[in-house]
Amino acid sequence: MAHPHIVNFINNLSENEIQIAEEHLKKSTSFSSRLQKILKLFELLIANKDKQIPDNKLCNELNCSTGALRVLKSRLLEKVLEAFTFDKHIYNTNIFSEYDIMTFKLRKKLLILKILSRSLNQGKTEILYEILNQIIDTAKEYEAYAALIEALTTKKYLKGIRAGINEFDKLNEQIIFYDTCQKAVNYAADCYYRLILNNDFVESLSQKELDNHFQNFIQQMEIDYKKTKSQQVDYYLNIIRFAFCEREKNYSEAIKYCDKLIFIIKKSKVIYRKERIGMILDNLSQIKTYIGNYKAAAIDARKAQQYYIQNSFNYFSSKQQEFYSNLYNGNMRETLKCIDKLLEQPLIDTGEFRKSKYIYYKSCVLFASGKYKEALDLLKMSLEIEKDKTRWNISLRILNIMIFIELQKINEADSALESLRKHIERQNKEEEVKPRDALIVKTLRELEKDNFNYERKNVKVDVMLKKLSEKDTPVAWEHYSTELVPFHKWLEGKKKL
């Protein structure tokens with residue numbers, strides 16, 4: 001299929017974006033027959049959003065060749081993107097924050113300024129100064145430093161020629177100061193995203209390095225804030241302080257920083273973004289999960305979703321947070337709703353890894369609800385997708401064994417356990433297996449001696465179960481780990497039967 005990314009892009013436009021694009025295309029159709037075909041192509045793709053319409057069918061509908069269809073798709077993308085730059089879209093307060101809209105306006109004024117300044121005919125100077133002063137005043141108010149520096153630089157050369165070196169130097173001092181502000185904001189944002197990348201993607205820093213980074217980040221950002229008084233620097237500084245408190249497990253102090261962040265975001269037009277409120281609420285939900293207040297954590301996650309665009313990446317991340325809170329709280333009805341919503345995402349958006357993970361999540365929910373056969377059927381799908389030798393793979397295998405035990409499929413449990421033992425033996429050489437996983441496998445191998453029956457007295461199993469149940473140890477269960485159904489709680493429940 002030619003340009004599949006264009007088709008996927010069109011198919012995933014929001015209702016508002018479809019309306020904006022369609023209005024623009026309809027206004028353009030009177031100019032040429034090609035534009036009429038572009039509109040028809042757009043309407044065909046929108047009408048078939050839920051299914052991939054093949055290129056040969058599109059060619060038949062549009063009476064064009066495959067090569068011509070490729071051109072039509074490219075032109076369609078151009079026209080849609082063009083529509084998104086119009087005032088009706090970029091000044092929509094339901095989509096963009098006040099800060100976003102103001103930066104769009106500043107950029108448009110800078111564009112007008114460049115166009116006018118290309119021909120410095122007599123009589124344009126006063127209007128150029130007026131536009132420049134408007135840009136400078138607004139950019140200072142909103143801390144739009146990039147636009148501010150560009151405008152001040154233009155004014156420096158424009159006015160310096162006419163007013164002399166003193167005015168040139170005066171403006172240059174402002175440029176130097178606001179360049180310092182811009183660098184401070186860039187540094188603060190970089191600190192924030194470095195931590196996100198390290199925590200959510202690749203753990204490239206050791207624990208000691210991470211502690212040093214936190215301390216260095218906070219120290220430098222405190223210096224920068226004192227120097228610039230930038231609200232943006234203050235925002236990132238409080239986020240780093242909150243993250244450090246969370247890392248130190250000082251949850252009460254972390255909650256205070258979250259409350260402070262919500263307050264300063266709401267009162268500031270410089271840093272206010274709806275999604276930022278959502279992210280802080282998600283962080284609150286996470287902290288409350290750590291302290292065991294699962295009900296309140298689920299409420300905060302649901303509140304957070306109100307600040308995100310429906311079905312956006314942030315929305316689904318928040319839905320995953322709600323899933324965890326409900327699961328830990330034992331609210332299986334709401335947990336199942338969350339996971340079903342997560343599974344609605346198209347594979348192209350989630351990727352195979354996340355899709356596999358969500359199928360595994362649902363297997364865990366079904367297992368915790370006592371629906372072992374349904375859990376096993378789903379888990380087979382997840383195991384088929386998840387072929388990498390990762391920690392997810394180990395958790396999938398352990399759950400598989402637990403299901404076999406519940407279904408009294410002892411031979412299958414034996415076989416799956418032996419396969420897992422060999423897998424961990426290979427992985428241990430690469431230092432990828434966590435101590436808890438190794439202890440769980442050791443416990444299962446001991447249970448295997450009694451056909452996985454824990455009703456009988458087994459001192460070795462008791463000792464290992466006690467270790468698995470303890471908190472704050474190398475083998476302790478952790479929130480947000482791949483072990484969604486805590487093994488020790490499941491085994492304790494087996495003994496009571």
For [X] and [Y], work out which heavy atoms get closest and say how close.
| X | Y | result |
| --- | --- | --- |
| Ala83 | Ala21 | CB-CA, 4.0 Å |
| Cys258 | Asn283 | SG-CB, 4.2 Å |
| Asp340 | Lys362 | OD1-NZ, 2.8 Å |
| Ile95 | Asn16 | CD1-ND2, 2.9 Å |
| Gln320 | Tyr358 | OE1-OH, 3.2 Å |
| Arg436 | His488 | NH2-ND1, 2.9 Å |

Salt bridge check: are [X] and [Y] linked by an N-O gap of less than 4.0 Å?
| X | Y | value |
| --- | --- | --- |
| Arg421 | Glu418 | yes |
| Lys489 | Glu483 | no |
| Asp55 | Arg70 | no |
| Arg75 | Glu78 | yes |
| Glu23 | Lys88 | yes |
| Lys494 | Glu406 | yes |
| Asp377 | Lys373 | yes |

So, applying side chain to side chain contact (heavy atoms under 4.5 Å, CB included) with His423, which one of Val433, Asn393, Val441 is it?
Asn393

Tyr290-Tyr480 aromatic ring centre distance below 6.0 Å
yes

Aromatic ring centroids of Tyr91 and Phe104 under 6.0 Å?
no

Please examine the side chains of [Y] and [X], heavy atoms only from C-beta on, and report whether any two atoms are closer than 4.5 Å.
| X | Y | value |
| --- | --- | --- |
| Arg397 | Ile424 | no |
| Glu141 | Met102 | no |
| Glu17 | His89 | yes |
| Glu150 | Arg107 | yes |
| Ile264 | Gln231 | no |
| Arg276 | Tyr307 | no |
| Ile38 | Leu35 | yes |
| Leu25 | Glu43 | no |

Check: [X] side chain, [Y] main-chain N or O, donor-acceptor pair, under 3.5 Å:
| X | Y | result |
| --- | --- | --- |
| Thr85 | Glu82 | yes |
| Ser317 | Phe313 | yes |
| Ser363 | Leu379 | yes |
| Asn326 | Glu322 | yes |
| Tyr360 | Thr482 | yes |
| Thr153 | Ile149 | yes |
| Glu275 | Asn314 | no |
| Lys319 | Leu342 | no |
| Tyr308 | Gly278 | yes |
| Glu61 | Leu44 | no |

Just by distance, no angles: are the side chains of Asp234 and Asn238 close enough, under 3.5 Å, to form a donor-acceptor pair?
yes

Cut-off 3.5 Å, side chains only: do Gln182 and Asn186 have a donor facing an acceptor?
yes

Nearest 0.5 Å, what's the [atom1]-[atom2] distance between [X] and [Y]?
| X | Y | atom1 | atom2 | answer |
| --- | --- | --- | --- | --- |
| Phe86 | Ile20 | CZ | CD1 | 9.5 Å |
| Thr335 | Tyr324 | OG1 | OH | 12.0 Å |
| Ile46 | Ile18 | CD1 | CD1 | 4.0 Å |
| Phe42 | Leu76 | CZ | CG | 7.0 Å |
| Ile265 | Ile239 | CD1 | CD1 | 6.5 Å |
| Arg302 | Cys338 | CZ | SG | 8.0 Å |

Could you walk me through whether Lys341 and Glu344 pass salt bridge (charged side-chain N to carboxylate O under 4.0 Å, His left out), step by step?
CA-CA 5 Å; Lys341 183 65 178 177; Glu344 284 178 11; 3.4 Å; yes

Students often mix this up, so state it plainly: with edges at 30° and 60°, are the rings of [X] and [Y] parallel, tilted or perpendicular?
| X | Y | value |
| --- | --- | --- |
| Phe487 | Trp490 | tilted |
| Tyr328 | Tyr294 | tilted |
| Tyr99 | Tyr142 | tilted |

Report the C-alpha separation of Ile90 and Lys108 in whole Å, then their side-chain angles, then the decisive distance to 0.1 Å, and conclude whether the side-chain contact (heavy atoms from CB on, under 4.5 Å) test is met.
CA-CA 11 Å; Ile90 65 176; Lys108 289 190 81 169; 4.2 Å; yes

Is there a side-chain contact (heavy atoms from CB on, under 4.5 Å) between Leu148 and Ile136 once you walk through the steps?
CA-CA 5 Å; Leu148 176 55; Ile136 290 166; 3.8 Å; yes

Might you confirm whether atom CG of Asn63 has over 12 heavy atoms from other residues, nucleotides or ligands at distances under 6.0 Å?
no

Would you indicate whether Ile309, at its atom CD1, is surrounded by more than 12 heavy atoms from other residues, nucleotides or ligands within a distance under 6.0 Å?
no

Run the numbers on Leu116 and Ile131 for side-chain contact (heavy atoms from CB on, under 4.5 Å), then give the verdict.
CA-CA 11 Å; Leu116 291 176; Ile131 295 171; 3.9 Å; yes

From the options Tyr235, Phe242, Tyr236, select the one residue that forms a ring pair (Phe, Tyr, Trp, His ring centres under 6.0 Å) with Tyr192.
Tyr236

Derivation and outcome, side-chain contact (heavy atoms from CB on, under 4.5 Å), residues Lys288 and Ile299:
CA-CA 10 Å; Lys288 289 176 183 178; Ile299 291 171; over 6 Å; no

